[in-house]
Student: 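One structure coming up, written as structure tokens, with questions to follow.
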Amino acid sequence: MIRPSFEPRKRGGVVKNSLATRWGIIGVGLAIGVLAPLLQFWGNPGNMGVCVACFERDIAGAVGLHRADVVQYMRPEIIGFVLGSLLAALAAKDFRPRAGSAPIVRFLLGAFAMIGALIFLGCPWRALLRLAGGDLNAVLGIGGLIGGIWIGTLFLRGGFTLGRSQQAPAAVGLVLPLVMAFFLALLFIFPAQEGQSLSGVLFYSLKGPGAQHAALGLSLAAGLIIGGLAQRSRFCTMGAFRDLLLFRQTHLLGGVLALLIAALVVNLALGQFHLGFEGQPVAHALHFWNFAGMVLAGLAFALAGGCPGRQLFMAGEGDGDAAVFVLGMIVGAAFAHNFGLASSPKGLGPHGLESWLLGMAFCLFIGFTMRKKA
């Protein structure tokens with residue numbers, strides 16, 4: 001049975017989590033909408049204060065999975081998302097290790113979600129932040145995201161399921177948080193060296209978006225705060241649009257709109273708003289591909305049950321299936337940059353068309369074939 005993603009968990013019939021209320025979700029959206037433009041002001045790339053897809057791509061580059069030298073940096077925000085979610089879940093006794101729901105399918109959904117996002121050049125959060133910064137190309141991206149989610153809801157109505165996850169040992173739920181803690185340790189042990197692209201085992205961009213980042217402490221702190229707030233509130237952009245389309249519910253949508261409005265206000269205050277299609281930072285103006293890339297990403301998110309941010313937060317609270325999706329996105333980023341699938345500000349990658357067709361074919365195949373029989 002499909003349920004709205006906002007339904008709060010109860011204990012003894014009393015809702016214990018105020019952040020999961022309508023105003024709690026709005027408050028979390030406002031917090032993210034303020035922190036993201038500030039991270040841009042403090043050094044992150046333009047209209048990319050927070051971008052889960054872009055930052056996971058940078059992490060893939062930092063550990064050498066791809067050698068695109070302009071997008072290599074161990075982003076502390078992603079580490080903070082997972083560890084902040086873990087800490088919040090442990091504090092609320094909400095850490096629930098589980099796994100076992102179609103892991104190979106989730107891995108490939110993560111990979112194709114990343115490919116779609118890199119055709120557009122951003123995740124759902126960045127689409128909102130790009131729009132809040134004046135980038136009108138984001139309108140096409142958000143339209144494509146909603147279109148992909150809508151296709152996913154058709155499959156959900158038809159009985160689509162990846163199966164049920166099962167309770168698992170605590171170690172299963174701790175694997176991705178431990179990986180992120182290890183990545184954080186590498187950042188401290190092998191910091192960037194001036195003028196050097198390789199520091200010990202980590203790669204660092206010397207130019208391009210990967211070389212633009214806020215101070216480590218600020219990035220990590222913002223990631224921890226967002227991770228904790230989002231874990232408690234169940235904040236999810238995909239879930240917001242899915243719940244609207246499936247149930248006509250606007251609970252999560254309030255948080256998404258709050259993020260957009262807060263980011264717009266902060267960008268205007270900081271002089272970071274520049275209206276138009278052309279000349280936007282880390283973006284291209286190919287309207288069809290801005291739309292189509294996010295159709296693929298939105299469909300993959302809908303089938304997997306969460307946007308890329310939500311997958312990180314679920315992984316932090318013990319969901320091993322979400323962790324598999326996250327790893328799929330990181331590997332997908334490596335494929336995208338190693339084989340010319342990702343877009344750039346110059347336009348579509350050399351094999352972007354083929355990768356989009358393959359991704360759509362895979363998602364449609366999964367949608368049609370993985371249905372619960374009556």
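Computed from a prediction, not measured in an experiment: that's the story for all the values here.
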Student: Would Val324 end up clustered with Phe182 when hydrophobic side chains under 4.5 Å apart are linked, directly or stepwise?
Tutor: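 They do share one cluster, since a chain of ILVMFWY contacts under 4.5 Å joins Val324 to Phe182.
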
Student: Do Val331 and Phe107 come within less than 4.5 Å of each other through their side chains, counting heavy atoms only?
Tutor: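 Answer yes - side chains close enough.
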
Student: For Trp125 and Phe81: C-alpha separation, side-chain torsions, deciding distance, then whether ring-ring contact (aromatic ring centres under 6.0 Å, His included) applies.
Tutor: CA-CA 14 Å; Trp125 287 25; Phe81 285 177; 5.8 Å; yes

Student: Backbone N or O of Gly306 within a donor-acceptor pair of the Gln311 side chain at under 3.5 Å?
Tutor: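 Between the backbone of Gly306 and the side chain of Gln311 there is a qualifying donor-acceptor contact (under 3.5 Å).
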
Student: Indicate if Val71 and Leu216 have the same hydrophobic cluster label, given that clusters are the connected sets of ILVMFWY residues with side-chain heavy-atom separations under 4.5 angstrom.
Tutor: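 Each belongs to a different hydrophobic cluster.
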
Student: Taking all heavy atoms of Met114 and all of Ala53, pick out the closest pair and write down the distance.
Tutor: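 Where Met114 meets Ala53 most closely, the heavy atoms are CE-O, 3.3 Å.
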
Student: Would the distance check show the side chain of Ser199 and the main-chain N or O of Leu202 forming a donor-acceptor pair, the cut-off being under 3.5 Å?
Tutor: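 Answer holds: no.
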
Student: Quick one: closest heavy-atom pair of Ala113 and Phe301, and the distance?
Tutor: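 Residues Ala113 and Phe301, closest heavy atoms: CB-CE2, 3.5 Å.
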
Student: With rounding to the nearest 0.5 Å, note down the distance linking CG in Leu145 to SG in Cys307.
Tutor: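 Separation between the atoms: 9.0 Å.
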
Student: For Leu252 and Ser233, which heavy atoms make the closest approach, and how far apart are they?
Tutor: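 Closest approach of Leu252 to Ser233: CD2-O, 4.5 Å.
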
Student: Begin from the C-alpha positions of Gln167 and Arg98 and carry the test side-chain contact (heavy atoms from CB on, under 4.5 Å) through to its verdict.
Tutor: CA-CA 4 Å; Gln167 184 176 353; Arg98 67 264 190 198; 5.6 Å; no

Student: Mind running side-chain contact (heavy atoms from CB on, under 4.5 Å) on Arg130 and Leu136 for me, showing each step along the way?
Tutor: CA-CA 8 Å; Arg130 283 174 60 174; Leu136 295 179; over 6 Å; no

Student: Identify the two heavy atoms, one from Phe188 and one from Pro191, that lie closest to each other, and give their separation to 0.1 Å.
Tutor: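 Shortest heavy-atom separation between Phe188 and Pro191 comes out as O-CD, 3.5 Å.
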
Student: If you measure from CD1 on Ile366 to CG on Leu108, what distance do you get to the nearest 0.5 Å?
Tutor: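 With rounding to 0.5 Å, CD1 (Ile366) is 8.0 Å from CG (Leu108).
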
Student: Would you say the ring centroid of His287 lies under 6.0 angstrom from that of Phe277?
Tutor: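 So the answer is yes for these two rings.
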
Student: Could you tell me whether a side-chain N or O of Asn338 sits under 3.5 Å from a main-chain N or O of Ala334, the two making a donor and an acceptor?
Tutor: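 Answer holds: yes.
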
Student: Considering only heavy atoms from C-beta outward, does the side chain of Arg310 approach that of Met238 to under 4.5 Å?
Tutor: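 Counting from C-beta outward, Arg310 and Met238 never come under 4.5 Å.
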
Student: If every non-hydrogen atom of Ser85 is compared with every non-hydrogen atom of Gln231, which pair is closest and at what distance?
Tutor: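 It is OG-CG, 3.1 Å.
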
Student: Classify the ring geometry between Tyr204 and Tyr73 as parallel (under 30°), tilted (30 to 60°) or perpendicular (over 60°).
Tutor: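 Ring orientation of Tyr204 relative to Tyr73: tilted.
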
Student: Nearest 0.5 angstrom please: Leu176 CG to Leu86 CG, how far?
Tutor: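 Answer for the CG-CG pair, Leu176 versus Leu86, is 10.0 Å.
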
Student: Starting from Leu90, can I reach Leu83 by hopping between I/L/V/M/F/W/Y residues whose side chains sit under 4.5 Å apart?
Tutor: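 No; Leu90 is not reachable from Leu83 via cluster members.
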
Student: Under the criterion side-chain hydrogen bond (donor to acceptor under 3.5 Å, both in side chains), I'd like the reasoning laid out for Ser101 against Arg164: C-alpha separation, chi angles, the key distance, then a yes or no.
Tutor: CA-CA 6 Å; Ser101 171; Arg164 297 181 65 88; over 6 Å; no

Student: Between Asp69 and Leu206, is a side-chain contact (heavy atoms from CB on, under 4.5 Å) present by the stated rule, with each step listed?
Tutor: CA-CA 8 Å; Asp69 60 3; Leu206 300 180; over 6 Å; no

Student: With side chains defined as the heavy atoms from C-beta onward, is the minimum distance between Phe190 and Phe203 less than 4.5 Å?
Tutor: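 When only atoms from C-beta onward are counted, Phe203 and Phe190 do not touch, as no gap falls below 4.5 Å.
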
Student: Calculate, to the nearest 0.5 Å, the distance between atoms NE2 and CH2 belonging to His213 and Trp42 respectively.
Tutor: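 Answer for the NE2-CH2 pair, His213 versus Trp42, is 15.5 Å.
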
Student: When you compare the side chain of Leu65 with that of His337, does any pair of heavy atoms fall below 4.5 Å?
Tutor: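 Answer no - side chains too far apart.
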
Student: Is a side-chain N or O of Gln280 found less than 3.5 angstrom from the main chain of Gly276, in a donor-acceptor match?
Tutor: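 Checking the backbone N and O of Gly276 against the side chain of Gln280, a donor-acceptor pair under 3.5 Å is found.
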
Student: Side-chain donor-acceptor pair under 3.5 Å between Glu77 and Ser219, yes or no?
Tutor: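 Side chains of Glu77 and Ser219: pair found under 3.5 Å.
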
Student: Counting only heavy atoms not in Phe365 (residues, nucleotides, ligands), do more than 12 fall under 6.0 Å from its CZ?
Tutor: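 Counting other residues, nucleotides and ligands, CZ of Phe365 stays at 12 neighbours or fewer.
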
Student: With side-chain contact (heavy atoms from CB on, under 4.5 Å) as the test, pick out the partner of Ile226 among Val28, Ile32, Leu312.
Tutor: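 Single side-chain contact (heavy atoms from CB on, under 4.5 Å) partner of Ile226 among Val28, Ile32, Leu312: Ile32.
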
Student: Can you see which heavy atom on Leu229 is nearest to which on Ala31, and at what distance?
Tutor: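 For Leu229 and Ala31, the tightest heavy-atom pair comes out as CD1-CB, 3.9 Å.
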
Student: Contact between Ile78 and Val52 at the side-chain level, heavy atoms closer than 4.5 Å - yes or no?
Tutor: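 They are in contact (side-chain heavy atoms under 4.5 Å apart), so the answer is yes.
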
Student: Please tell me if the side chains of Leu286 and Leu348 come closer than 4.5 Å, counting only heavy atoms from C-beta onward.
Tutor: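 The answer is yes; the side chains approach within 4.5 Å.
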
Student: Quick check with a 6.0 Å cut-off and a 45 degree axis cone: is Arg234 positioned over the face of Phe313's six-membered ring?
Tutor: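 Not satisfied by the 6.0 Å and 45° rule.
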
Student: Using 0.5 Å steps for rounding, measure from the CD1 atom of Ile151 to the CG atom of Leu156.
Tutor: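 One gets 12.0 Å once the value is rounded to the nearest 0.5 Å.
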
Student: Atom CG of Asp319 and atom CZ of Arg106: how far apart are they, to the nearest 0.5 Å?
Tutor: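 Answer for the CG-CZ pair, Asp319 versus Arg106, is 7.0 Å.
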
Student: Should the heavy atoms of other residues, nucleotides or ligands under 6.0 Å from CZ of Phe335 be counted, would the total exceed 12?
Tutor: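 Count not over threshold, so no.
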
Student: With hydrophobic residues grouped by side-chain heavy-atom distances under 4.5 Å, do Leu299 and Leu121 end up in a single group?
Tutor: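 In one cluster with Leu299: Leu121, no.
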
Student: Short question: side chain of Asp321, backbone of Gly100 - any donor-acceptor pair under 3.5 Å?
Tutor: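 At least one qualifying donor-acceptor pair exists.
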
Student: Go through the steps to decide whether Leu30 and Ile26 satisfy the test side-chain contact (heavy atoms from CB on, under 4.5 Å), and finish with yes or no.
Tutor: CA-CA 6 Å; Leu30 290 173; Ile26 291 173; 4.2 Å; yes

Student: Do Leu259 and Leu129 come close enough that some side-chain heavy atom pair is under 4.5 Å?
Tutor: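 When only atoms from C-beta onward are counted, Leu129 and Leu259 do touch, with a gap below 4.5 Å.
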
Student: Does one hydrophobic cluster hold both Met314 and Ile225, with members joined at side-chain heavy-atom distances below 4.5 Å?
Tutor: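 Not linked; separate clusters.
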
Student: Is the number of heavy atoms from other residues, nucleotides or ligands within 6.0 Å of CD (Gln196) greater than 12?
Tutor: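 For Gln196, atom CD is crowded (more than 12 foreign heavy atoms under 6.0 Å).
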
Student: Do the side chain of Asn267 and the main chain of Phe273 share a donor and acceptor less than 3.5 angstrom apart?
Tutor: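 Pair absent, no side-chain N/O of Asn267 close to backbone of Phe273.
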
Student: Does some side-chain heavy atom of Phe155 sit less than 4.5 Å from a side-chain heavy atom of Leu364?
Tutor: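 Side chain of Leu364 against side chain of Phe155, heavy atoms only: contact under 4.5 Å found.
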
Student: Indicate whether the side chain of Gln272 and that of Asn47 have a donor and an acceptor atom separated by less than 3.5 Å.
Tutor: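 Absent: no donor and acceptor within the cut-off.
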
Student: Between Arg232 and Asp94 (salt bridge meaning N to carboxylate O under 4.0 Å), is one present in this structure?
Tutor: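 Answer for the salt bridge query: yes.
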
Student: Kindly say whether Ile119 contributes a backbone atom to a donor-acceptor pair with the side chain of His284 at under 3.5 angstrom?
Tutor: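 Yes, the answer is positive, given that a donor and an acceptor are paired below the 3.5 Å cut-off.
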
